[in-house]
Amino acid sequence: MKKPLKDVLRDACERAIKGGELVSTTLPPLFLSVPKEAEHGDLASNVAMALARGERRPPRAVAETIVRHILDPAKILAEVTIAGPGFINFRFAPSYWWRCLADCERAGETYGHSRVGEGARVQIEFVSANPTGPLHVGHARGAVTGDAIARLLSATGHAVEREYYVNDAGNQMEMLGASTYARYMELCGRPVPFPDEGYHGDYVRDVAGAIRAAEGDRWADTDADAARAYMRDRAGAMLLDAIRDDLTTLAIGFDAYVSERKLREDGAVDATLDALDARGVVYDADGARWFRSTEFGDDKDRPLVKSGGEFTYFGADVAYHRDKLARGFDRIIDVWGADHHGHIPRMKAALTALGLDAARLEVLLVQVVSLTRAGVPVRMGKRSGSFVTLREVVEEVGADATRFFLLMRKSDAQLEFDLDLAKQRTTENPVFYVQYGHARVASVFRQATAAGVAGDAVGAADPSRLVETEELALIRVLAQFPETVEQAALEREPHRVVFYLMQLAGDFHRYYNRTRILGEDRELTRARLLLAANVQKVIRVGLRLLGISAPDTM
RNA sequence: GCGCCAGUAGCUCAGUUGGAUAGAGCAACGGCCUUCUAAGCCGUAGGUCAGGGGUUCGAAUCCCCUCUGGCGCGCCA
């Protein structure tokens, strides 16, 4: 919607400069905004105010000069006015909106998609939870956010790969093995002490039970270390499978699962350590090996190898990120829990130290989710093992509502998720409100078909029959969809799409309530069906970008 | 103590390079179904944008200080 007008405006400014009526030689970035007040038109520019200082003239006078040079070869404008402190307000001609509707119709299910990404290879890594237990709600937010951003990036012409980094090595896994072993032995009637920092969740017992069901008591008589190692691997594999299943219920999949253990076994971690060492940023102290990250802006040096000889999590993670960049992505995006924000400087420092371009790594922080039930907080605590799992939430409120609610807020802001609200099938629940908009149009079309109207190639209807203010306003909202998608993708902010859909659904419900779509006038009916069909389509495409279904009946 | 993020209507939150009279949903109050799904719509009310200073034609937005909340500052991951 903005682009054609931006061209007209730029053209006018340049002509004014060429004619010597503006002394500025460069233009500020042309920025068109949608005014809050309808009387201010469809789009407004503040360019005159931005230029006024350099011109040494009042903004309104600068605006007059620019307006005088506006040509409108395509006849898209109905009105151009100067208002307030120096805004130039534009109002589009109805014919422009009719053209927008036709464009929308023609674009089909790819309306809103674009090529701004120019085929850039982007990798997005998300979830990456340790396979030591089921996913909880916090993981779910990262999962849904990463997935939605991946969908947005694909729709805007990026070549996207989704990756899950499996932390299947290290201390936590050993703890899982020991915990599972202890539960297993318990079930065999030969209890051993439960590890101090072990995993207390009931799922460990379930996993141990499943192993025992498949293999009997034979591990009870095996060497304890060997048994623990076996339990670690079996439990890890089973829990990773469970995680995949959980993600599948949320319509989330990955192109690759990369194993930390494999990375270690392949020598990638050693090689990375050597590479850092070769650059002279590694030193030994207190029996450990340290990375001199303070030289690269971190506030502390960080250990890469523990005094026991094991790599730290950080050490392995540096190797993983080096590997990702080596795979040739133009950009790698990490979705992290906000409690990891302190890790960004050290990771960037390590990449810089390795001679890599740290700017290619982008870290998105996802803040915590607090669950409530009718306003009452649901207690969560991982340590106690009583956290609320992703599965429980999805089973209670459904995948669509889970995704919608987790995407309603900017990802770096804390989010309150009211389970009672999410499962309500009433007007208060925004996800049903939006989906209902889609279903409602489907219902109108069922009626239209019964009346023998829908068969008349609605796509070929004449948009110029749509003359009501509300109809043109609705088309305007449709016309804003492509730039909403683009912005959401480039800013990595899926919540913009959520808000857009709530607005579109609201505008449509309002229109529906006042205006009868199926009427006596056949041509008008067809034009309104065209409009309704495109509203429905944009809701559908928008929901698809969020990974949410668009039902025809509710 | 240092660092990061936040503080906008009773509640949950939007607010696009700094722009016009700060918005939405819910909750509250009052209306609308013989007509395409009332799972909807219309109206009313609701504000010291945490507080104070600064920058400028203009600040919720940028800078500084204070207060409040969350998180981080492990040879845990």
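When reading the values below, keep in mind they use all heavy atoms of this one structure, side chains included, and skip hydrogens, waters and symmetry mates. In the text below, chain A, chain B and the rest are named by the order of the sequence lines, each starting its count at 1.
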Phosphate OP1/OP2 of A38(B): any Y433(A) side-chain N/O under 4.0 Å: no
Sugar-phosphate, base or nothing in reach of A52(A), heavy atoms under 4.0 Å: nothing
Rounded distance (Å) that lies between atom P of G15(B) and atom CZ of F31(A): 13 Å
Sugar-phosphate, base or nothing in reach of R516(A), heavy atoms under 4.0 Å: base
Shortest side-chain distance from W290(A), nucleotide among C36(B), A20(B), C75(B): C75(B)
Nearest-angstrom distance, C1' atom, C11(B) to U34(B): 40 Å
Phosphate-side-chain proximity, R440(A) and A38(B), N/O vs OP1/OP2 below 4.0 Å: yes
Atom C1', compared across C49(B) and A60(B): separation rounded to whole Å: 5 Å
Given C41(B), C76(B), U16(B), the nucleotide with the shortest approach to the side chain of R496(A): U16(B)
Value in whole Å for how far the P atom of G25(B) lies from CG of L501(A): 16 Å
P-based separation of A38(B) from G30(B) [nearest Å]: 23 Å
T312(A), nearest nucleotide to its side chain (from A20(B), C75(B), G70(B)): C75(B)
Sugar-phosphate only, base, or nothing, as touched by D168(A) at under 4.0 Å among non-hydrogen atoms: nothing
Touch class at under 4.0 angstrom, heavy-atom based, for R446(A) against every strand present: base
Out of A14(B), A77(B), U56(B), whichever nucleotide has its closest atom nearest the side chain of N171(A): A77(B)
Validation row, ring centre Y320(A) to ring centre Y165(A) under 6.0 Å: yes
Salt bridge (Lys or Arg N to Asp or Glu O under 4.0 Å) assessment of E39(A) paired with R91(A): CA-CA 9 Å; E39(A) 307 117 51; R91(A) 192 180 301 281; over 6 Å; no
Among U16(B), G40(B), A77(B), the nucleotide that comes nearest once only the side chain of H343(A) is considered: A77(B)
Side-chain donor-acceptor contact under 3.5 Å, N171(A) with Y313(A): no
Complementary nucleotide for G40(B) - Watson-Crick or wobble, under 3.5 Å: C32(B)
Sugar-phosphate only, base, or nothing, as touched by P430(A) at under 4.0 Å among non-hydrogen atoms: nothing
Exercise: do Y500(A) and Q487(A) side chains pair donor with acceptor under 3.5 Å: no
Gap between atoms CG and P, on D298(A) and G72(B) respectively (whole Å): 17 Å
Whole-angstrom distance between G10(B) and G72(B), as gauged at atom P: 31 Å
Nearest-nucleotide pick for H341(A), side chain only, options being C13(B), G40(B), G72(B): G72(B)
Nearest to side-chain heavy atoms of P303(A), which nucleotide of C75(B), U21(B), A14(B): C75(B)
Sugar-phosphate only, base, or nothing, as touched by N130(A) at under 4.0 Å among non-hydrogen atoms: sugar-phosphate
H495(A) aromatic ring stacked with six-membered ring of A14(B), 5.5 Å and 30°: no
Counter-base of C71(B), judged by Watson-Crick or G-U geometry with both distances under 3.5 Å: G3(B)
Among C36(B), A14(B), C76(B), the nucleotide that comes nearest once only the side chain of Q172(A) is considered: C76(B)
Candidates A77(B), C71(B), C36(B) - which lies nearest the side chain of S443(A): C36(B)
Interatomic distance, H509(A) NE2 vs A39(B) P [rounded to whole Å]: 11 Å
Sugar-phosphate, base or nothing in reach of S411(A), heavy atoms under 4.0 Å: nothing
Sugar-phosphate, base or nothing in reach of D286(A), heavy atoms under 4.0 Å: base
Short side-chain to backbone donor-acceptor contact, D298(A) and T294(A), under 3.5 Å: no
Modelled atom types, side-chain donor and acceptor of H438(A) and R540(A), under 3.5 Å: yes
Assigned partner base of A14(B), Watson-Crick or wobble definition, under 3.5 Å: none
Pairwise C1' distance, U8(B) and G46(B) [rounded to whole Å]: 14 Å
Sugar-phosphate only, base, or nothing, as touched by A83(A) at under 4.0 Å among non-hydrogen atoms: base
Sugar-phosphate, base or nothing in reach of L421(A), heavy atoms under 4.0 Å: nothing
Base orientation of C36(B), syn vs anti, 90° cut from 0: anti
Side-chain N or O of K306(A) closer than 4.0 Å to phosphate OP1/OP2 of C76(B): yes
Euclidean distance, atom CE of residue M408(A) to atom P of A24(B) [Å, nearest integer]: 17 Å
Pairwise P distance, A14(B) and A6(B) [rounded to whole Å]: 10 Å
Interatomic distance where CZ belongs to R409(A) and P belongs to U8(B) [whole Å]: 13 Å
Separation of C5(B) P from L365(A) CG (nearest whole Å): 10 Å
Pairing partner (Watson-Crick or G-U wobble, both distances under 3.5 angstrom) of A20(B): none
Ring center gap for H509(A) and Y433(A) short of 6.0 angstrom: yes
Separation of the C1' atoms in G31(B) and A22(B), to the nearest angstrom: 28 Å
E260(A) and R264(A): CA distance, side-chain angles, deciding distance, salt bridge (Lys or Arg N to Asp or Glu O under 4.0 Å) verdict: CA-CA 6 Å; E260(A) 178 187 353; R264(A) 292 187 187 211; 2.7 Å; yes
Atom CZ of R10(A) with >12 non-hydrogen neighbours under 6.0 angstrom: yes
Of the listed nucleotides U16(B), U21(B), G40(B), the one nearest the side chain of K2(A): U16(B)
Atom-pair distance (CG on L32(A); P on A20(B)), nearest Å: 15 Å
